[in-house]
Amino acid sequence: MLGEKRCYPDGLIRVSRGARSWTALVEVKTGKNELQTEQLENYLDVAREQGFDALVTISNEIPSIAGQHPTKVDRRKLKKVDIHHWSWSQVLSTAVVQKEHRGVSDPEQAWILGELIRYLEHPRSGAMEFEDMGANWGAVRDAVVAGTLRASDRTAPEVAARFDALLQYVSLRLGRQLGTEILPVLTRKEQAEPALRSQSLLTRMVDQAELAGAIRIPNAVAPIHVVADLRAGRVTCHVDVDAPREGRPTTRVNWLLRQLKHAPDSTRVEAFVANARGSSAAELLGKVREDPAVLVTDPKKDIRSFRVALSVPMGVKRGRGRGAFIDSVIDLVDSFYGDVVQHLKAWSPAAPKLREAASAPDDKPALSSTALSSQDGPETD
């Protein structure tokens with residue numbers, strides 16, 4: 001009871017270790033049902049009155065930034081009670097990584113976890129994937145193409161937040177396949193103040209007609225940048241790779257080519273030289289394979305880095321399926337990682353080799369010097 005109202009949380013979790021315990025109320029939504037502010041605030045009041053530690057919510061809503069709750073609640077109600085959110089996609093991804101990649105030693109627990117995965121993957125379970133860019137997607141996209149979108153437009157922030165949520169979903173989905181945790185790339189300031197990320201994304205969408213972000217994969221050569229050019233109707237993924245610090249320019253290009261054996265010819269490769277703005281040369285991989293010198297504009301200038309990019313037509317539909325924006329982003333990230341990124345390795349210099357010691361001459365010279373020195377060259381006839 002909360003005053004004269006009766007509340008019905010979906011569950012309660014209590015974890016005890018020794019004399020300490022942690023207790024949380026649980027609220028769950030499935031399908032397209034969304035969490036309601038009033039309901040969550042009531043549960044926060046109940047948790048505070050009962051001395052509970054937290055409220056845990058689970059739904060198909062994916063927050064635009066990890067750790068942020070998708071539903072706004074009165075911050076004053078969070079002074080003594082924490083609130084945590086898990087999307088069903090996150091629950092499923094965590095379960096798959098634990099069972100398929102890390103393993104569960106107890107056979108009964110492994111079977112139970114497998115049945116949970118089977119249930120969540122069923123289309124009628126109510127645990128849906130990310131499948132909608134929002135009701136304002138079409139109108140905002142058309143306004144960007146027409147050049148009429150303004151930062152003050154009330155519908156633009158929703159589309160920006162949906163794109164960040166899509167990057168979260170792409171990270172969870174790819175992490176499920178790789179068996180590791182993948183997270184969108186955010187600065188420390190953006191992590192501390194999510195509004196900064198939303199504002200920068202909105203500003204870029206208005207000024208440059210682009211939705212852009214990046215995801216970081218553990219041990220990958222670099223983060224994968226995802227850029228959706230709404231005006232050009234293209235989605236592009238790229239990674240920036242440092243070039244070797246030794247060798248001629250063509251040698252450095254060939255070093256990269258050896259690692260792009262599985263990449264399609266339509267992959268774009270850009271070369272960046274020292275002390276220059278922008279790329280010095282850019283060409284499709286097919287032509288670079290025929291002639292690596294096309295990326296060398298000046299043999300006297302060192303190539304410092306490469307950008308490897310793959311671009312595809314952008315879907316325009318707000319939902320899922322053929323011709324959908326969401327699917328064009330997901331398919332591109334999967335193929336770009338599989339064909340390009342997973343084969344790239346950072347350059348490292350070769351280990352120094354021991355110098356061969358000069359052998360002492362058989363015939364002693366008339367004027368013998370002192371002991372052999374590292375500055376003595378090889379004996380000549």
Between [X] and [Y], what is the shortest heavy-atom contact and its length?
X	Y	answer
Val104	Ala110	CG1-N, 3.8 Å
Leu201	Ala160	CD2-O, 3.1 Å
Ala54	Trp22	CB-CZ2, 3.7 Å
Ala135	Glu158	N-OE2, 4.0 Å

Flag, side chain of [X] to backbone of [Y], donor-acceptor distance under 3.5 Å:
X	Y	result
Arg231	Val144	yes
Ser93	Leu172	yes
His225	Ile215	no
Glu61	Leu35	yes
Arg197	Glu190	no
Tyr169	Asp164	no
Arg6	Glu4	no
Arg102	Val97	no
Asp302	Arg304	no
Gln342	Gly338	yes

Have [X] and [Y] got a donor and an acceptor in their side chains that come within less than 3.5 Å?
X	Y	value
Ser21	Arg14	no
His84	Thr57	no
Glu115	Tyr119	no

Check whether any side-chain heavy atom of [X] lies under 4.5 Å from a side-chain heavy atom of [Y], and answer yes or no.
X	Y	result
Arg318	Asp132	yes
Val56	Leu25	no
Lys29	Asn60	no
Glu121	Leu92	yes
Leu256	Leu260	yes
Arg173	Asp334	yes
Leu202	Met205	yes
Val227	Leu211	no

Applying a strict under-4.5 Å side-chain criterion to I, L, V, M, F, W and Y, I'd like to know whether [X] and [Y] cluster together.
X	Y	value
Ile83	Val26	no
Val91	Leu174	no
Phe272	Trp347	no
Met133	Met128	no
Val239	Leu183	no

From [X] atom [atom1] to [Y] atom [atom2], the distance as rounded to the nearest 0.5 Å:
X	Y	atom1	atom2	result
Ile217	Ser171	CD1	OG	8.0 Å
Leu230	Phe163	CG	CZ	9.0 Å
Tyr43	Lys77	OH	NZ	14.0 Å
Glu34	Gln39	CD	CD	12.5 Å
Arg48	Asp53	CZ	CG	14.0 Å

Worked check of side-chain contact (heavy atoms from CB on, under 4.5 Å) between Ile303 and Val253 | CA-CA 9 Å; Ile303 296 178; Val253 174; 3.9 Å; yes

With Lys99, which residues qualify under side chain to side chain contact (heavy atoms under 4.5 Å, CB included), at least two apart?
->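 Side chain to side chain contact (heavy atoms under 4.5 Å, CB included) check on Lys99 returns Leu113, Ile117.
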
With sequence neighbours left out, which residue pairs that include part of residues 202-211 fulfil the side-chain hydrogen bond (donor to acceptor under 3.5 Å, both in side chains) condition?
->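 Applying side-chain hydrogen bond (donor to acceptor under 3.5 Å, both in side chains) to every pair that reaches into residues 202-211, excluding sequence neighbours, yields Gln199-Thr203, Arg204-Glu210.
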
Pairs involving residues 251-270, ordered by first then second residue, that meet side-chain hydrogen bond (donor to acceptor under 3.5 Å, both in side chains) (sequence neighbours left out) |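 Every pair satisfying side-chain hydrogen bond (donor to acceptor under 3.5 Å, both in side chains) with a residue in residues 251-270: Asp265-Arg289, Arg268-Glu270, Glu270-Ser279.
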
May I ask you to decide whether Arg234 forms a salt bridge with Asp229, counting only side-chain N to carboxylate O separations under 4.0 Å?
->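 Salt bridge absent between Arg234 and Asp229.
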
Does a side-chain N-to-carboxylate-O contact under 4.0 Å join Arg176 and Glu100?
->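 Here Arg176 does not pair with Glu100 in a salt bridge, since their nearest N and O are not under 4.0 Å apart.
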
Go through the steps for Trp88 and Leu120 under the test side-chain contact (heavy atoms from CB on, under 4.5 Å), then give the verdict.
-> CA-CA 8 Å; Trp88 282 116; Leu120 293 177; 3.8 Å; yes

Between Lys317 and Asp327, does a salt bridge (Lys or Arg N to Asp or Glu O under 4.0 Å) hold up when you go through it step by step?
-> CA-CA 9 Å; Lys317 296 180 181 178; Asp327 287 80; over 6 Å; no

Apply the test side-chain contact (heavy atoms from CB on, under 4.5 Å) to residues Glu49 and Leu2: give CA-CA distance (whole Å), side-chain angles for both, the deciding distance (0.1 Å), then the verdict.
-> CA-CA 9 Å; Glu49 289 185 359; Leu2 181 64; 3.6 Å; yes

Worked verdict on Asp74 versus Arg76 for salt bridge (Lys or Arg N to Asp or Glu O under 4.0 Å) | CA-CA 5 Å; Asp74 189 345; Arg76 293 173 296 180; 2.8 Å; yes

Taking it one step at a time, do Phe130 and Leu166 satisfy side-chain contact (heavy atoms from CB on, under 4.5 Å)?
-> CA-CA 7 Å; Phe130 187 87; Leu166 174 58; 3.9 Å; yes

